[in-house]
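Notes follow the structure.
Below, chains carry the letters A, B, ... as their sequence lines are ordered, and counting in each starts from 1. Only heavy atoms go into these numbers, but all of them, side chains included; no hydrogens, no water, no symmetry mates. This structure is a prediction, so every number in the text was calculated from the model and none was measured.
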2 protein chains.
Amino acid sequence: MAAQAGVSPSTVSRCFATPHQVRPETRARVLAAAERLGYRPSRIARSLALGRTGTLGLIVPDIANPFFAVIAKAVQARARRKDYAVFLADTDEHPDDEYELALTLARQVDGLLVVAPRMDGDRLGEIVRQVPSVVVNRSVSGVPSVVAPSEDGLRQAVAHLHALGHAHLALILGARNSWSSEKRGQAVRRAAQQLGVAVTEFGPHEPKFHTGAQVADLALAAGATAIVAHNDLMALGILARLAERGVRVPDDVSVVGADDTLLATTASPALTSVRIPLDALGRQAVDLLLHRLDQPESPPRETVLPSELIVRRSTGPAPRTGPAP
Amino acid sequence: MAAQAGVSPSTVSRCFATPHQVRPETRARVLAAAERLGYRPSRIARSLALGRTGTLGLIVPDIANPFFAVIAKAVQARARRKDYAVFLADTDEHPDDEYELALTLARQVDGLLVVAPRMDGDRLGEIVRQVPSVVVNRSVSGVPSVVAPSEDGLRQAVAHLHALGHAHLALILGARNSWSSEKRGQAVRRAAQQLGVAVTEFGPHEPKFHTGAQVADLALAAGATAIVAHNDLMALGILARLAERGVRVPDDVSVVGADDTLLATTASPALTSVRIPLDALGRQAVDLLLHRLDQPESPPRETVLPSELIVRRSTGPAPRTGPAP
DNA sequence: TTGAAAGCGATACCAA
DNA sequence: TTGGTATCGCTTTCAA
């Protein structure tokens, strides 16, 4: 390539890295040759020389889960705008793989974005020590992170239901060991207690559609008039089972989901849900990571994003109990 | 590192590449040192030396779309099993970016998986010439590809509706220029004609929820008793609008989706949908690509996977027309 | 079985 | 403004 343009490799390099450092006419010749040969500098070689790869790693538990997919998309978009590519690793919910993958990725990326709600803290710490990282949707002390605690939104949800006259709600927990499930449970309990709303808890459960369907009957039997599910998927399972039994939503029972994924907006009735700003989460995570790459000594920061209740058609006034007047 | 183990770099390299070529006791010493230092060979340097990266590129239009996310997941899993990492590029539905990205990726991966329903054929050809590639869910002559034509499933869908007594169906098309949308339209038209079912077409439309909602009214006004949507998302929009209008599904109108995504199974009523084996699509694509990497001279092959109708609760007997007896 | 040395394709420093 | 050269970390002949 250098030969083709009649210049040295150094000059070719400069043409791409610092174009203004080379005489316009030489540059033109080089670029012409590049065009002719379809030449593109090798990122690999460049990485080796520079010690930087121009790549960020993203570790998610399940890319087929809309929750993570939306984060991944935001990360992608943001990273690209900053001229970074993204290495995606899907751990398929295996915490061991998560760790192994992270270590493998660590060497070939400039920084790592880790979405790993269930990985244990020590390992997470180990990873962070090896490579600049940002943890997403989870708070780990001493590690920069971006979280959108569902507290606010869930408190709003309980207040919403309370205002509608519900006095007894069912709380459907998510996976055992899930950081967010625990936080969500706490938030609902606390808010309910403050407002004098009774809570019956179910779970922990795998946050799947069919477990939602299964637990719907239990919630009904317990006498709850409103159900707050760990996430939208479980809420949809509940909706489906209620419809099957002829229980009307929201006339007989109100249902609240969380995450406000595509599932919530496309359900009928559309699901009242706690919105987590997933795209902002992804964007902020990238920004935080890049900031960290620039200034490695900056103190680990935790960025907190607000969540909020989006009221849709699946919640309504509590049904009258007792005999009709 | 080599120094730490008291051996030459060559030997260290052999320990990882061809362990059996080194005396067990030396190997042990090297591995011990590696363990102690937390040493991992640099994939970057290795790529440069080998001319292979151990990485596959995956280009998708929208990773937040469950359809592509499921493919991506399957690709990930399969690639990892074969010791390949995956570079993910989300083009956000911009065909120009798709092309640019593909060219960028081309240099840093061993092969490319392209899911680009709307990229024009010439560019696709250009990409394929630069780097071993497999096109997914689209058929391009001279290029290895993996497709799951929805023909079979859609024919089954029309037959299903016909058997239920539907004589007039609405066909909702997807995006203009989308390869799969065209194929799907053809399939429905052809099957309907053969069975003597009337078809009213709507679209092309952006395959979104709200366009589905919008077109539901038109389909109803046209007198169709069954609606076949381009995909599940549009079908859900239709379901939502029908529910809003008090039109019962499947009593008054039957609705069929396509892709059989999570959306279809979690809808209520659950959506009858044409299943595309997305995971198999992803897996086969990886296999085909790796095969191609091994044997660059093998003729481009097109792998065809079957699609099938999954009947759920959103389809039922056609309503009686005219005055009740 | 091990070591020495060349090379992969770029960057960056120092000279010219 | 350009060219020469060492370097990044690993693989791979070729010798020892």
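- Between D/dG3 and A/T11, a contact under 4.0 Å exists linking OP1 or OP2 to a side-chain N or O.
- Taking atom CD of A/Q21 as the reference point, atom C1' of C/dA12 lies 12 Å away to the nearest angstrom.
- With hydrogens and angles ignored, the 3.5 Å screen pairs no side-chain donor or acceptor of B/D92 with any backbone N or O of B/H94.
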Using a cut-off of under 3.5 Å, enumerate the N/O to N/O pairs linking the protein to nucleotides 8-10 of chain C.
from	atom 1	to	atom 2	distance (Å)
C/dC8	O2	B/A49	N	3.3
C/dG9	N2	A/A45	O	3.3
C/dA10	OP1	A/Y39	OH	3.2
C/dA10	OP1	A/S42	N	2.6

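- Within 4.0 Å (heavy atoms only), A/T26 reaches sugar-phosphate atoms of the nucleic acid but no base atom.
- Using cut-offs of 30° and 60° on the angle between ring planes, the pair A/F87 and B/F87 is parallel.
- Judged by distance alone, with hydrogens and angles left aside, the side-chain atoms of B/R118 form no donor-acceptor pair with the main-chain N or O of B/N177 at under 3.5 Å.
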B/S10 and B/S13: side-chain hydrogen bond (donor to acceptor under 3.5 Å, both in side chains), yes or no, with the steps? CA-CA 5 Å; B/S10 328; B/S13 174; over 6 Å; no

I'd like a list of close polar pairs between nucleotides 13-16 of chain D and the protein, N/O only, cut-off under 3.5 Å.
none

Would you sort out whether B/S145 and B/R138 count as a side chain to side chain contact (heavy atoms under 4.5 Å, CB included), showing the intermediate values? CA-CA 7 Å; B/S145 61; B/R138 169 169 178 174; over 6 Å; no

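- Using a 4.0 Å heavy-atom distance criterion, B/V12 is classed as making no nucleic acid contact.
- Heavy-atom neighbours of B/R301 CZ from other residues, nucleotides or ligands within 6.0 Å: at or below the threshold of 12.
- Looking at B/K73 and B/D279, no side-chain N of the basic residue comes within less than 4.0 Å of a carboxylate O on the acidic one, giving no salt bridge.
- Put simply, CZ on B/R52 is 11 Å from C1' on D/dT11, counting in whole angstrom units.
- For the pair B/S307 and B/I276, the tightest heavy-atom approach, listed with the atom from each and the gap, is CB-CD1, 4.1 Å.
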